[in-house]
Amino acid sequence: MRRSSTFARQVLLVRVGRRDGHLRTTDLTLPEHRYADRQRRRYGLDRLSRPAGVSRAGIEAVMPVSPALPMAPTDEATAGSIPLLPGERTMARRMKFALVNACTLASLMLGMLAIFLAMQGQVRIAALCLIACVIFDGLDGALARRLGVASPFGAQMDSLADMCSFGLAAPVVVYASLAGSVSTAAAAVACALVAACAAIRLARFNVSPKDGRFFCGVPTTMAAAVLAVTVAIGLPVPGFVLVAGVALLAFAMVSSFPYAKLARLVKLPPWLWLAPVLGALVDIRLTFALIVVGYLISGPVLWLRQRRTA
């Protein structure tokens with residue numbers, strides 16, 4: 001009875017101090033000496049080494065006395081959720097925001113479908129799904145900027161969808177297309193390089209300052225488009241050449257060479273577009289191969305030009 005009355009008296013003192021608006025250290029009566037060792041064993045203070053310069057009375061002063069002590073207040077500002085759509089949150093802007101993210105999810109779902117089709121051996125249809133992924137990936141960014149609903153959430157979601165569609169689905173489709181023409185180990189290594197370099201490329205793009213004229217390395221979307229079109233049209237080249245081209249494209253993604261953006265290419269003189277169009281009418285496969293090689297070479301050429309002018 002005496003032990004329980006001592007503990008109840010301590011709780012009462014703490015509550016009375018809180019009711020007065022402030023808690024004085026003199027109101028907290030330390031436990032009696034014969035009960036001090038019991039509390040030290042309960043809270044494990046005997047297993048801890050006492051710091052230098054701290055007396056036993058100092059440790060007992062900060063020892064928990066009762067559950068009636070107030071808890072630390074929580075910061076309501078940090079506990080609140082961050083809005084996914086910055087700015088005015090009207091119904092019209094929410095619908096636009098949902099439309100943009102629907103395009104991103106469509107690209108993600110098409111990438112998953114490409115993986116399933118490649119597992120069943122339908123590599124041509126899987127490659128067409130990848131081309132549709134590229135279209136939806138470009139559509140969501142254009143819509144976000146035009147509708148004024150661009151947000152950090154949309155940028156991160158687009159990056160994650162790109163990793164699934166272009167960093168995983170594209171290597172799987174290429175691996176399925178190379179089955180039987182090259183060794184399994186060579187195809188696996190080349191496709192694994194594409195996945196690893198795509199992850200590095202997307203992570204670097206998220207944290208690097210944006211340049212409105214050039215990409216730093218071949219963008220992941222363009223690399224996946226090249227791989228998808230290569231599988232769809234079936235380039236008549238030996239298997240080891242395809243494996244070497246896939247590995248070269250993977251390293252081009254993580255390179256520091258500047259590559260022109262599509263908006264910059266569109267502004268080229270119209271007569272420059274006449275040659276690819278005529279070449280596609282004659283031999284689409286050869287024309288596509290020459291365009292890809294020319295674009296890959298343009299990066300080192302621009303890099304050397306910038307070093308000379310610097």
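Side chain of Thr287 to backbone of Ile284: no donor-acceptor contact under 3.5 angstrom is found. For Arg201 (side chain) and Val218 (main-chain N/O), a donor-acceptor pair under 3.5 Å exists by modelled atom type. Without hydrogens or angle criteria, Arg204 side chain to Val254 main chain gives a donor-acceptor distance under 3.5 Å.
Contacts classified as ring-ring contact (aromatic ring centres under 6.0 Å, His included) and involving residues 170-225 (residues at least two apart or in different chains) are not found.
Summarising the local packing, CZ of Phe257 is surrounded by more than 12 heavy atoms from other residues, nucleotides or ligands at distances under 6.0 Å.
In this structure the side chain of Phe288 reaches within 4.5 angstrom of the side chain of Thr230, judged on heavy atoms. Two residues are said to be in side-chain contact when any heavy atoms from C-beta on lie closer than 4.5 Å; Ser256 and Trp303 fail this criterion. Side-chain contact between Leu249 and Leu296 is present, with at least one heavy-atom pair separated by less than 4.5 Å. A heavy-atom distance below 4.5 Å is found between the side chains of Tyr295 and Met222. Side-chain atoms of Phe97 and Arg93, non-hydrogen and from C-beta on, never get closer than 4.5 Å to each other.
To the nearest 0.5 angstrom, Ser177 atom OG is 10.5 Å from Leu235 atom CG. In this structure, OG on Ser183 lies 12.5 Å from CZ on Phe240, to the nearest 0.5 angstrom. Leu202 contributes atom CG, which lies 10.5 Å from atom CD of Gln156 (distance to the nearest 0.5 angstrom). Taking CG of Leu108 as the reference point, atom CG of Asp158 lies at 10.5 Å (rounded to 0.5 Å). Interatomic distance, Leu130 CG to Ile115 CD1, rounded to the nearest 0.5 Å: 8.5 Å. Within the model, atoms CE of Met95 and CG of Leu147 stand 11.5 Å from one another, a figure rounded to the nearest 0.5 Å.
Note on Leu242: it does not cluster hydrophobically with Leu193, by side-chain heavy-atom contacts below 4.5 Å among ILVMFWY residues. No continuous path of hydrophobic side-chain contacts links Leu290 to Val226 [ILVMFWY only; heavy atoms under 4.5 Å]. In the hydrophobic cluster analysis, where Ile, Leu, Val, Met, Phe, Trp and Tyr join through side-chain heavy atoms closer than 4.5 angstrom, Val134 is grouped apart from Leu139. Ile233 and Leu227 fall within the same hydrophobic cluster, defined by Ile, Leu, Val, Met, Phe, Trp and Tyr side-chain heavy atoms under 4.5 Å apart, directly or through other members. Linking ILVMFWY residues whenever their side-chain heavy atoms come closer than 4.5 Å, directly or via other members, leaves Met119 and Val231 in distinct clusters.
Heavy-atom minimum distance, Val174 versus Cys191: CG1-SG, 4.0 Å. Contact between Arg124 and Gly234 at its shortest, heavy atoms only, is NH2-CA, 4.2 Å. Looking at every heavy atom in both residues, Ala198 comes nearest to Thr220 through CB-CG2, 3.9 Å. Scanning all heavy atoms of the two residues, the minimum distance from Ile291 to Pro276 falls at CD1-CB, 4.0 Å. Here the shortest heavy-atom pairing between Leu178 and Ser181 reads O-OG, 2.9 Å. Taking every heavy atom of both residues into account, Met253 and Val194 meet most closely at CE-O, 3.7 Å.
For the residue pair Thr221 / Asp137, a side-chain donor-acceptor distance below 3.5 Å is found, with atom types taken as modelled.
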Result block: side-chain N/O donor-acceptor pairs under 3.5 angstrom for residues 159-173, not counting sequence neighbours:
unit_1: Ser159; atom_1: OG; unit_2: Asn206; atom_2: ND2; d: 3.1
unit_1: Ser165; atom_1: OG; unit_2: Ser107; atom_2: O; d: 2.8
unit_1: Ser165; atom_1: OG; unit_2: Ala161; atom_2: O; d: 3.2

